[in-house]
Each structure stands twice: as C-alpha cells, then as structure tokens.
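See below for the structure under consideration.
The analysis underlying the following values was restricted to heavy atoms, covering all of them including side chains, and did not include hydrogens, waters or symmetry mates. We name chains A, B, ... by the order of the sequence lines, and we start the count at 1 in each one. None of the values given here were measured: they were computed from a predicted structure.
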Number of protein chains: 2
Amino acid sequence: MFDLNELEQFIAFADLGTLSKVSEQFHISTPTITRSMQHVEEDFGVPIFSRSKNKIELNETGHKAVQCAKAILNETVRAKREVKEFNEHLKTIVVKSCAPAPLWRLLPALSGAFPEMTISSHICPIPEILADLREKKCDVALLPFKVEDSSWHVSPYMEEHLSICIKKEHELAHHKQVSFSDINGFNFLLRSKIGFWDSMCRDKMPSSKFLVQTNDFEFDELVKNSSLPCFTTDVVLANGMPYSDRISIPIIDSEAKVTFHLVTSVSMINFLPAPATT
Amino acid sequence: MFDLNELEQFIAFADLGTLSKVSEQFHISTPTITRSMQHVEEDFGVPIFSRSKNKIELNETGHKAVQCAKAILNETVRAKREVKEFNEHLKTIVVKSCAPAPLWRLLPALSGAFPEMTISSHICPIPEILADLREKKCDVALLPFKVEDSSWHVSPYMEEHLSICIKKEHELAHHKQVSFSDINGFNFLLRSKIGFWDSMCRDKMPSSKFLVQTNDFEFDELVKNSSLPCFTTDVVLANGMPYSDRISIPIIDSEAKVTFHLVTSVSMINFLPAPATT
DNA sequence: TATTATTACGTTAGGCGTAAAGATT
DNA sequence: AATCTTTACGCCTAACGTAATAATA
C-alpha cells in the first residue's frame, strides 16, 4: 500500500534529480530517502529506477509512475477539499432573493434563529433562483410570486409597493398616484442591485432611460442634487422620506405591488419566522 | 496525510456498521480500529463521526468522506495498474499484420532477435493498422503496400501470390492461369482469419459467394470432401500441395500478387531481420 | 576532493495488542 | 450477560539518523 509521504518525496525526486536534494528539501537524511524510493518501487511492483553505483534515475516506467503518483496526491487533496466544503455547507444557510428588501427582515431573523449557522445571501435573477432551488443549491429563496411545487414550503412573507420619488416641483407632483404608462418616457436614477425591480421597470417603461448608480453614496448625492426622478418603496419609506425636497407617489399598476414568497425545503418550516400579518 | 490502510478500514466500517466487525474482518484489535478512525477523522480535518458512549456512526459529512475515501483508493489501484501495464508494454513488441503469411516468418525472427520480449501479434483490418501506427499502438506493422511517412521505416518484406485450389476434374483445371473475372461467380470455401485477402476476394469477385469456415480442421475436411474451389498461395504451397486430388492455378491479376511491407519505428531498424532477397 | 547512493547499526518513536473500564441493550 | 467503544499500558517492530563504504566526476 502506498505511503503518501513517500509519494511526495518520489515526485520531488523527479523534480530535483538527486536523493540528496530531496533529503535537504524534506529535512530528512539521505538513507531515509533511499528507503522511501525503495518502498515506492516496491509498492508499484515494477522497476521504476535505473541505478548505477552512485547515481539513481527514473527509467521510462518511472516517469509514468511520477504522473500516476501526482494523480493519486491530487485525488487526495481534491477529496479532502470536497469533504471540507461539504462540512462548511452543512453549517451555512444559503439564501437567494430576487430583491433586497425582504432580506432586510429575513437575514436578522435567520441569524437569530440559527446563531451557530453561517448565513450566505445573494440577490440574483429569478431564473437562477428557480434553478438553484431545483438543484438544492439554496436553502431559502425569496421570489415575487408563488411557486407550485409540493417538495417546497411556500408562504407569503411580505409586500413591497413601488413608488416614484420626485421633486415637489415636478410636473407629476400633484398626482395622488401614477401608472407606468404615465411615467413611461421619463428618465430615472436607479440604484444597481435592486434585483428584479430593475428588469421590471425596463419592461414596463420601455421609453424611459435609467441612469444606474453602483455606489450608494453617489446615488444619494445625485438624488439630492438633481431633479431626476427615482424610485422608492413603502418598505424604504417606513423609516421616513430621506429626501426633504421630494415626495413619493405610489404606482397604481398591479405589478408595482409585489408579495414576496418565502420558499424553503420542508424540513426548515418550523425554524422560520412567522409570516407577515397583513 | 492519509494512511491508505486506515482509509480501507474506514470504508469497511461504513459497510459493516461497527468497529468490532471491522476488527475481525481485518484481524486486528478494536483499539487499533478506534485509533485508525481517529486518524482518518483527523486527516480529513472535520468531524465525520457522531459518537455516543458505546456507539459510533458516520455523520452526514462522514458519508461524503466515505465516497471520497473510495475515490482515493480507486485512484491508487488505477495508478498502480497503469504503471504495471506500461511496464508490460515496454516488454512486448506489438505486431499488427494484414495477413497471416508474413507472420509465419516474422514472429520466429522477432522471438529470436528479442528473446526477452513478449511478442504480441494480431491480424486486423488495414485501416486499423494504419490508425494504430499513427497512435503508436503497434511497434511493427505488415501491410500489402508501401507507407509514405518519414517517421517510419518501411521495407519490402516478402511476396505472396494467390492461387485457386480446385479439384483436378474442375472445369477450370486445364487453365494455366486464371483471372478474377474468370472465377467471379464460382462459390468458394474460405478460411476465416486470412486478413485482407477476405475483403479483396469479395471485392474482386462480387458475384461469388464465400463459405467461411472458422475452424481449420473443419475447413480441411470440407476441402477434402467437397468439390468446392478454395484458395491457396505460393507461400502455403512452398511446403507442397496438401490436397492430393487438387491442383493450384495462379491468379494473373496484379492484385493477386502482393508485396508485404514491414513498417517499424525508426529506432527498431537495426534489430529487424534482413528483407527478403528476391 | 566533493558529491552521491547505499549499507550497517544503534536508538527511539509510534503502532499494536492485552487488559480493563464505562456504557448500552 | 453480552456487546461495543475507548483508555491505559507495556512490548516490540520498524523508521530514523549517524557513521561508514564505495563509486563517480
């Protein structure tokens, strides 16, 4: 049976060319290396060295043996990593959401319910979330609609209602409510990383252009120092309107009011926070 | 670093369920198995067992670890086999021929020239021989034509001339020579394993049918006890006509007279028998 | 002479088994 | 009581290093 340490020495010998160099690299004596190479040769069961009196080198089979030794060691590190990653995965709850708002409620709740677990969350496109659910690559998903699949537990989690956020002097400021068709054509400032809201806006307002800001600070500065309209939601406004010279006007279309659904494997039902009471 | 013996015990434990059973299967004491499992767990670096006072079992990660341990051991046996086969291959000369006759001369010559080598020979279709030459899967090839490739040493080796072998009473018996068109339409007894001659006959005599005999003894009996024509060659007839009531008539077509060419890697030139002197 | 591989040999670390303890069914 | 895992402990193998040998460049 192979000794993995000896295989490492064997591979080092293939690199270094002499047993002496291997011995100093591994900080062990040359007789030990000599014995190791004898063991490796014995383990392979065929001659892999050509020896003269004070010279030892790989024969043709030996070079093949080096490749194979590397393959064995690679397999061991791969196996070790796979087990380690599996173990880590057991200790993490993977959350995938279509939008940021429900995460603001869910992540603290999960952390509280599973203090020993790592919570990993990611905002990503809806098709990716559905694929990850099927492939069991995520434990909890947040989607803007119901999922019909008996292998999953689906429950409404919270609502979010989209509004426009405009200057008090804006021509639309007198409206009590607007529809996507009213605002289609206006150009908007838009945060990045707002999940599915992004594609929804582009879909419902094909004539508008969106100035996407990656950086939150820069977005804030632009909102404060321009008259460009932007979006907000009731969830955000629960903490008050952050821009004193702006008002929010809700969008009346049904698509602007979504109910996020929590999708989990059945086994997690009992551990999840209670759904929102409306 | 993993100990492969311990990994085997680990896999056995996954099968058997208790350390005691592993200990008796491996004929070692239970404390040793206990220590082995501790080593394996330490080597993987993550918990793979769930232990109670007198019960030890795999946890979820442990089951993954078993798969990985199997993968490691599989890799070791694969590697060992690959090196062994490589070593065997070094000690064998692989000969591929398009027909049996040149092998009758070549194989004894090779055995004499390389007494320490194993000679492996096979009659196979010409395209397969060419492919094996390119992929270096054979060391010596016998083909019925020249090969134009500077990476190979090609030399004419011997000739073979096809004849028909018919009863003295046969309607063709008075011919001094025949052509394929003369004999096209007659049905022939045919040995199997005559290499490319088989496809050549079918090609040149599309109206004929061939009664292929796998067994040499049965072929002989059929030739003796029927009036069906068959084939023979000058190489065979060098030892005399084996069937007293038959005669041989050479086929005049150029395709019936082939020159076998010996194709070898350049490095073997010096070791090969001298080409036939014509 | 310096470098290299290998053998001889004494020492010691570590692996194994026996015995026993502790726990469960 | 029987079975199972683990600890304690002593023995002994086998792996290591030092020293020496032999051969080469």
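The B/Arg35 side chain lies nearest to C/dG17 when the options are C/dA5, D/dT5, C/dG17. Closest to the side chain of B/Pro31, from the set D/dC4, D/dT18, C/dA19, is C/dA19.
Between B/Thr30 and the phosphate of D/dC4, there is no side-chain N or O to OP1/OP2 separation shorter than 4.0 Å. For the pair B/Gln38 and C/dG15, the criterion of a side-chain N or O lying under 4.0 Å from OP1 or OP2 is not met. Between B/Thr32 and the phosphate of C/dG17, there is a side-chain N or O to OP1/OP2 separation shorter than 4.0 Å.
Across all strands, B/Ser29 comes closer than 4.0 Å to base atoms (heavy-atom distances). Base contact: B/Thr34 has a heavy atom under 4.0 Å from a base atom. Within the nucleic acid shown, B/Ile28 comes within 4.0 Å of sugar-phosphate atoms alone, with no base atom in reach, counting heavy atoms only. At a threshold of 4.0 angstrom between heavy atoms, the contacts of A/Glu6 with the nucleic acid are absent. The residue A/Thr18 sits close only to the backbone: its heavy atoms come under 4.0 Å of sugar-phosphate atoms, none of a base.
The CG atom of A/Leu16 sits 16 Å away from the C1' atom of C/dT3 (whole-angstrom rounding). Atom NE2 of B/His27 and atom C1' of C/dG15 are 19 Å apart (whole Å). Whole-Å rounding puts the A/His39 NE2 to D/dA14 P distance at 10 Å. If you measure from atom CD1 of B/Ile33 to atom P of D/dT7, you get 15 Å, rounded to the nearest angstrom. Atom-to-atom, CZ of A/Phe26 to C1' of D/dG17 comes out at 18 Å; the value is rounded to the nearest Å. Rounded to whole Å, atom P of D/dT5 lies 11 Å from atom CD of B/Glu24. Between the C1' atom of C/dA23 and the CG atom of B/Leu19 lies a distance of 15 Å, rounded to the nearest Å.
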- [ ] Go through the steps for A/Arg78 and A/Glu82 under the test salt bridge (Lys or Arg N to Asp or Glu O under 4.0 Å), then give the verdict.
- [x] CA-CA 6 Å; A/Arg78 193 206 59 75; A/Glu82 185 173 329; 2.3 Å; yes
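Put simply, the side chain of A/Leu7 does not reach to within 4.5 Å of the side chain of A/Asp43, judged on heavy atoms. Counting only heavy atoms from C-beta outward, the side chains of A/Ile28 and A/Gln9 approach each other to under 4.5 Å. Contact annotation: the side chain of B/Val236 approaches that of B/Trp104 to within less than 4.5 Å [non-hydrogen atoms, C-beta and beyond].
Of all the residues in residues 42-64 of chain B, B/Lys53, B/Asn54 reach under 4.0 Å from DNA chain C with at least one non-hydrogen atom.
Ring pair B/Phe10/B/Phe44 is tilted by interplanar angle, where 30° to 60° counts as tilted.
Nearest approach of B/Thr214 to B/Ser192, heavy atoms of both residues: CA-OG, 3.4 Å.
Looking at B/Thr92, its side chain never comes within 3.5 Å of a backbone N or O of B/Val94 through a donor-acceptor pair.
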